[in-house]
Protein chains: 2
Amino acid sequence: MNKNIYMQIYNDYSAQVQSGSLSTGQKLPSENELAGAYRTSRETVRKALHMLSENGYIHKIKGKGSFVLDTQRMSFPVSGLVTFKEVSERLGRSVRTIVYENDCVPSTAEIRRCLQLKEPGPVWKVVRAREIEGEKIILDKDYFLTTYVPSLSLEAATNSIYEYLEQKLNLPISYAKKEISVEEVTPEDKLLLDLHDYQHIVVVRNYVYLVDTTLFQYTESRHRLDKFQFVDFARRVKN
Amino acid sequence: MNKNIYMQIYNDYSAQVQSGSLSTGQKLPSENELAGAYRTSRETVRKALHMLSENGYIHKIKGKGSFVLDTQRMSFPVSGLVTFKEVSERLGRSVRTIVYENDCVPSTAEIRRCLQLKEPGPVWKVVRAREIEGEKIILDKDYFLTTYVPSLSLEAATNSIYEYLEQKLNLPISYAKKEISVEEVTPEDKLLLDLHDYQHIVVVRNYVYLVDTTLFQYTESRHRLDKFQFVDFARRVKN
DNA sequence: GATTCTATCTTGTATATACAGGTTGTCAAA
DNA sequence: TTTGACAACCTGTATATACAAGATAGAATC
């Protein structure tokens with residue numbers, strides 16, 4: 001885990017900021033001090049601080065130093081790929097996952113388009129509802145390339161698929177693209193979720209890529225309107 | 001604009017990827033070749049390539065090289081702060097901005113909470129509707145600290161406020177936090193937008209910070225359900 | 001022919017150094 | 001007291017170098 005020095009510094013400080021043991025606005029040690037403390041060079045420290053800055057943990061001011069940002073208010077993912085399990089654990093609510101489907105199915109034209117498949121063939125399909133405080137709020141529909149995910153146990157589907165993919169199958173996940181939009185509810189939504197009388201639903205389409213840039217997973221996450229929230233942290237890039 | 005070498009490289013290649021003059025999957029010159037071409041060091045090239053990678057333009061593979069990613073499909077902001085003007089220009093649709101309000105008003109408790117103001121005082125308020133293809137789709141409500149934005153011309157409000165703030169007032173914008181949620185429509189929404197019969201509306205709350213970490217702007221962007229889309233690019237951070 | 005080894009290319013990590021330029025406090029001069 | 005010069009410290013940019021480690025093609029070996 002701590003193979004790289006700059007990763008170790010990043011992990012140390014991101015943990016401290018998240019746990020609140022460093023308070024908002026507090027000044028970090030200077031780059032030279034950190035270099036001394038970790039017995040490394042200033043450039044290595046700078047790499048860690050740059051990552052912390054990119055991910056919204058700290059803020060650097062030229063001539064002054066690095067300062068802790070307010071992450072308390074960022075309740076949801078600061079950015080990046082965060083799983084339902086991680087989020088719900090952070091929220092500390094009573095959550096439950098109901099697996100409706102978990103098997104190998106022939107791919108429809110729609111799914112082939114999403115997974116950029118040219119030829120017909122099977123895909124692994126998982127349909128799950130997420131129950132929060134007794135209400136089924138989110139419908140997750142996952143599709144995997146059978147090349148990478150030949151099968152999936154019910155246990156893995158009930159817990160965290162990501163954990164299984166990364167730790168057991170050792171799949172090198174690299175990046176993902178999210179699309180958020182609002183669409184009309186389908187009969188399936190009404191059947192599998194506790195929708196009340198909402199006519200629309202928030203759809204988050206997630207395209208997950210491996211390090212070799214192959215698209216291997218497509219996820220459709222359908223959230224009930226009133227329970228949906230998404231938080232994004234963005235830095236201004238000067239032109 | 002080209003003060004920094006790495007920024008020049010970044011701008012060169014991000015432009016080439018966006019314009020499509022570099023096609024998806026194409027290999028970039030190696031870091032050493034680029035260093036030679038720009039008469040600079042490999043570390044400087046690496047800084048530029050890292051930025052391109054962070055922003056979803058390219059993908060680096062250890063031992064192989066850097067490859068152009070598919071940005072065509074990422075129709076909306078790849079990430080970061082993108083203004084309505086920039087987006088609409090890219091879409092090439094007929095768009096129009098209607099300014100409903102543009103003046104200095106006393107702050108309400110709600111606004112003080114959003115702008116983290118402790119004491120009562122005036123704020124600069126701008127309310128605008130965005131018309132796309134003849135329909136008023138988006139309602140933008142902007143609130144600025146009068147310390148930084150004492151007044152705003154009708155012309156600046158009609159065009160791009162960001163352009164005015166950054167280029168005329170020279171305000172050093174650093175980062176922003178976005179919150180996306182869905183809420184019930186208000187009477188004001190019904191009055192100022194072409195809402196049809198939608199009962200809900202997508203609300204994007206935008207908190208904009210300066211480099212000294214002061215929150216100076218709060219924007220509420222209210223989108224009609226059927227026209228809302230948000231795209232996010234995220235890289236996996238290993239722990 | 002199939003396999004292994006190796007040379008060489010690539011990117012990733014780490015170090016040392018230099019100078020530019022923003023920030024702050026001190027101390028002397030006006 | 002106020003002002004200005006300056007030193008000390010901070011981050012930002014750039015360069016040179018070294019070695020680790022993944023990828024690949026071709027030579028050597030079995």
Side-chain angles (χ1 to χ4, degrees), chain A residues 1-13 25-54 57-69 170-172 174-175 210-214 235-238, chain B residues 1-13 25-54 57-69 170-172 174-175 210-214 235-238:
Chain A
M1 226 50 126
N2 295 328
K3 213 179 65 181
N4 301 336
I5 304 174
Y6 75 87
M7 264 300 178
Q8 194 191 322
I9 303 177
Y10 173 83
N11 287 332
D12 283 0
Y13 277 90
Q26 195 170 335
K27 187 178 178 300
L28 263 55
S30 78
E31 294 175 352
N32 283 318
E33 285 169 344
L34 282 171
Y38 281 88
R39 296 174 189 280
T40 182
S41 67
R42 194 182 143 218
E43 277 303 314
T44 301
V45 171
R46 280 178 61 73
K47 207 180 284 188
L49 293 182
H50 182 254
M51 281 181 68
L52 288 166
S53 159
E54 282 289 308
Y57 290 110
I58 66 167
H59 184 252
K60 310 188 83 201
I61 305 179
K62 186 174 179 176
K64 294 185 78 171
S66 303
F67 302 87
V68 176
L69 280 178
N170 235 334
L171 281 179
S174 170
Y175 60 94
L210 301 177
V211 294
D212 61 2
T213 74
T214 54
R235 234 161 238 294
R236 179 78 174 160
V237 179
K238 295 251 180 66
Chain B
M1 226 52 128
N2 294 329
K3 211 179 65 180
N4 300 337
I5 303 174
Y6 75 86
M7 263 299 178
Q8 193 190 324
I9 303 177
Y10 174 83
N11 288 330
D12 284 0
Y13 277 89
Q26 195 170 335
K27 187 178 177 300
L28 262 55
S30 78
E31 294 175 352
N32 283 318
E33 285 169 344
L34 283 172
Y38 281 90
R39 297 173 188 281
T40 183
S41 67
R42 192 183 144 217
E43 277 303 315
T44 302
V45 170
R46 280 179 61 73
K47 206 180 286 190
L49 292 182
H50 181 253
M51 280 181 68
L52 288 166
S53 160
E54 281 288 308
Y57 290 111
I58 67 166
H59 184 252
K60 309 188 84 203
I61 305 179
K62 186 174 180 176
K64 293 186 80 172
S66 302
F67 302 87
V68 176
L69 280 178
N170 236 333
L171 281 179
S174 169
Y175 61 93
L210 301 178
V211 294
D212 61 2
T213 74
T214 54
R235 230 161 242 295
R236 180 78 174 160
V237 179
K238 297 253 180 65

Inset, instruction - Please check the phosphate of C:dA14 (OP1 and OP2 only) for any side-chain N or O of A:Ser41 closer than 4.0 Å. - result: no
Legend entry - Nearest-angstrom distance from the residue atom CZ of B:Arg39 to C1' of D:dA16: 18 Å
Inset, instruction - Write down the distance between NZ (A:Lys27) and P (D:dT11), rounded to a whole number of angstrom. - result: 6 Å
Inset, instruction - Indicate whether OP1 or OP2 belonging to D:dT15 is found under 4.0 Å from a side-chain N or O atom of B:Thr44. - result: yes
Inset, instruction - Could you label the plane-to-plane angle of the A:Tyr57 and A:Tyr10 rings as parallel, tilted or perpendicular, counting under 30° as parallel and over 60° as perpendicular? - result: perpendicular
Inset, instruction - To the nearest 0.5 Å, tell me how far A:Ser66 OG sits from A:His50 NE2. - result: 11.5 Å
Inset, instruction - Describe, in one word, how the ring planes of A:Tyr13 and A:Tyr38 are oriented to each other, choosing from parallel (under 30°), tilted (30 to 60°) and perpendicular (over 60°). - result: tilted
Inset, instruction - Figure out the CG/C1' separation between B:Leu34 and C:dT11, and round it to whole Å. - result: 13 Å
Legend entry - Nucleotide C:dA14, atom P - distance to CE of A:Met51 in whole Å: 12 Å
Inset, instruction - Using whole Å, report how far NE2 of A:His50 lies from C1' of C:dT13. - result: 16 Å
Inset, instruction - Would you indicate which nucleotide in C:dG12, C:dA14, D:dT11 comes nearest to any side-chain atom of B:Glu31? - result: C:dG12
Legend entry - Sugar-phosphate, base or nothing in reach of B:Ile61, heavy atoms under 4.0 Å: sugar-phosphate
Inset, instruction - Taking only the side-chain nitrogens and oxygens of B:Lys64, find out if one of them lies under 4.0 Å from OP1 or OP2 of D:dT24. - result: yes
Inset, instruction - Measure from NE2 on A:His59 to P on D:dT11 and round the result to the nearest Å. - result: 13 Å
Inset, instruction - Would you tell me if any nitrogen or oxygen in the side chain of A:Arg46 comes within less than 4.0 Å of OP1 or OP2 on D:dG12? - result: yes
Inset, instruction - Starting at CZ of A:Arg39, measure out to OG1 of A:Thr44 and round the result to the nearest 0.5 Å. - result: 15.0 Å
Legend entry - Phosphate contact (D:dA14 OP1 or OP2) by B:Tyr6 side-chain N/O below 4.0 Å: no
Inset, instruction - Find which nucleotide of DNA chain C each of B:Leu28 and A:Gly63 is nearest to by heavy atoms, and output the residue with the more 5' nucleotide. - result: B:Leu28
Inset, instruction - Report the nucleotide, chosen from C:dA14, D:dC10, C:dT10, that has the shortest atom-to-atom distance to any side-chain atom of A:Ile5. - result: C:dA14
Inset, instruction - Report the nucleotide, chosen from C:dT10, C:dA16, D:dT11, that has the shortest atom-to-atom distance to any side-chain atom of A:Glu43. - result: C:dA16
Legend entry - Atom pair distance, as rounded to whole Å: NZ in A:Lys47 and C1' in D:dA14: 15 Å
Inset, instruction - Write down the distance between CD (B:Gln8) and C1' (D:dT13), rounded to a whole number of angstrom. - result: 14 Å
Inset, instruction - Please check the phosphate of C:dC9 (OP1 and OP2 only) for any side-chain N or O of B:Ser30 closer than 4.0 Å. - result: no
Legend entry - Separation of A:Lys60 NZ from B:Ser174 OG (nearest 0.5 Å): 12.0 Å
